Amino acid sequence: MKKLFIIGGMGAGKSTARKALVEQGLPNIDLDQVGHDVLLWDTVKAELVETFGADILDAAGEVDRPALAAKAFVSPAETRKLNRITLPRIEEAFTDRVAELEKEGHKAVVVEYSVFKNRQTSLAYDADVVMAVLAPIDLRIERAVKSGWDEADVRRRIAQQITDADRIEAADVVFNNDGTPEEMRNKVLAWWGEYSKGL
Ligand SMILES: CC(C)(COP(=O)(O)OP(=O)(O)OC[C@H]1O[C@@H](n2cnc3c(N)ncnc32)[C@H](O)[C@@H]1O)[C@@H](O)C(=O)NCCC(=O)NCCS
Ligand SMILES: Nc1ncnc2c1ncn2[C@@H]1O[C@H](COP(=O)(O)OP(=O)(O)OP(=O)(O)O)[C@@H](O)[C@H]1O
């Protein structure tokens, strides 16, 4: 089963690219969503509380994501602490999900990976294709704010992410999402049309 990774900074248009492929019948794994799922694990909760304090929990004892984000994205050191706790668990859940999809006989899976760093990290090392979705940073911030994110929060997160130059370096295929969403969709579908002939 081919693993087609979609990478890109916040607001770049990863979800827009993913939707185009899902409409073609491909299953997908959104690692942001997997990240949310592992926050429910008791072991993860306990380590996050030990690291960031009990005020990251809500009244029901679950992780309050905005509260955790306010602490975890203030510096590279704090983000590393977060990643050290969450990423191994995300990888574990990801590996299980990939095995299930493989058993179901899918030819390919789309993996949306917002915090991709490089192809040498274990989660991404067997990516068959890395697709980078790029857009100018001001446009990305504008889109993210329009879709409900706080601007300062977006800027803090982007500061903890790799740059588009790094993404281009890692990618097999690059999509510039600086036009309309429809243009973006068509670029992705044109690529898929060619790529899927070989599957
Ligand atoms: C800190 C948390 C609770 C904030 O939750 P929230 O609902 O506000 O954001 P969400 O998870 O939907 O992420 C939105 C965007 O934030 C950015 N972001 C999230 N985690 C990170 C990170 N560790 N480093 C840099 N940027 C990040 C990405 O662009 C992502 O698309 C959550 O992001 C989290 O647990 N992150 C750590 C796990 C992780 O790295 N997930 C990303 C997929 S592997
Ligand atoms: N070409 C475009 N023109 C205008 N708006 C767009 C375009 N592409 C995406 N958008 C909008 O910008 C926002 C961010 O796009 P999308 O969710 O696809 O990005 P993302 O890379 O998945 O972002 P995130 O990291 O926040 O999940 C969405 O509201 C989307 O509808």
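All values reported here derive from a predicted model rather than from experimental measurement. Reckoned from all heavy atoms, side chains included, excluding hydrogens, waters and symmetry mates. For ligands, and for the atoms within them, numbers begin at 1 and follow the listed sequence.
Of the polar atoms of Gln161, at least one N or O is found under 3.5 Å from an N or O of ligand 1, judged by distance alone. Polar contact check, His36 against ligand 1: a nitrogen or oxygen pair lies under 3.5 Å apart. When only interatomic distances are considered, the shortest N/O to N/O separation between Arg157 and ligand 1 falls below 3.5 Å. Close N/O approach between Asp32 and ligand 1 is found [any backbone or side-chain N/O within under 3.5 Å]. Where the criterion is an N or O separation shorter than 3.5 Å, residue side chain and backbone included, Arg65 meets it with respect to ligand 1. Geometrically, ligand 1 and Asn83 share a nitrogen or oxygen pair separated by less than 3.5 Å.
Remark: ligand 2 atoms within the under-4.0 Å shell around heavy atoms of Asn177 are 1 (N), 2 (C), 7 (C), 8 (N), 9 (C). Shown in contact with Thr180 at under 4.0 Å from a heavy atom are these atoms of ligand 2, numbered in order with element: 1 (N). If you number the atoms of ligand 2 from 1 as listed, the ones under 4.0 Å from a heavy atom of Gly179 come out as 1 (N), 2 (C), 3 (N). Below 4.0 Å from some heavy atom of Met10 lie the following atoms of ligand 2, by number and element: 25 (O), 26 (O). The Glu112 neighbourhood of ligand 2 comprises atoms 22 (O), with distances under 4.0 Å to a heavy atom of that residue. Those atoms of ligand 2 that come under 4.0 Å of a heavy atom in Gly9, given as number and element, are 21 (O).
By heavy-atom distance, the residue among Val111, Ile162, Leu123, Ile90 lying nearest atom 41 (N) of ligand 1 is Ile90. Nearest-residue assignment for atom 19 (C) of ligand 1 (options Phe73, Phe52, Phe116; heavy-atom criterion): Phe73. Heavy-atom proximity to atom 2 (C) of ligand 2, evaluated over Met184, Arg143, Lys19, is greatest for Arg143.
Between the Asp128 side chain and the Lys3 main chain, a donor and an acceptor come within less than 3.5 Å of each other.
The protein heavy atom nearest to atom 25 (O) of ligand 2 is Lys14 NZ, 2.9 Å. For atom 15 (O) of ligand 2, the nearest protein heavy atom (residue, atom name, distance) is Gly13 CA, 3.9 Å. The closest protein non-hydrogen atom to atom 9 (C) of ligand 2 is Thr16 OG1, 3.4 Å. Considering only non-hydrogen protein atoms, atom 22 (O) of ligand 2 sits nearest to Ser15 OG, 2.6 Å. Gly11 N, 3.1 Å is the protein heavy atom nearest to atom 23 (O) of ligand 2. Ranking the protein heavy atoms by distance from atom 29 (O) of ligand 2 puts Ser147 CB, 3.5 Å first.
Between Trp191 and Tyr195, the angle of the ring planes stays under 30°, which puts this pair in the parallel group of the 30/60° scheme.
Residue contacts with ligand 1: Gly35 is excluded, as none of its non-hydrogen atoms falls under 4.0 Å.
For atom 31 (O) of ligand 2, the protein comes within 4.0 Å by no heavy atom at all.
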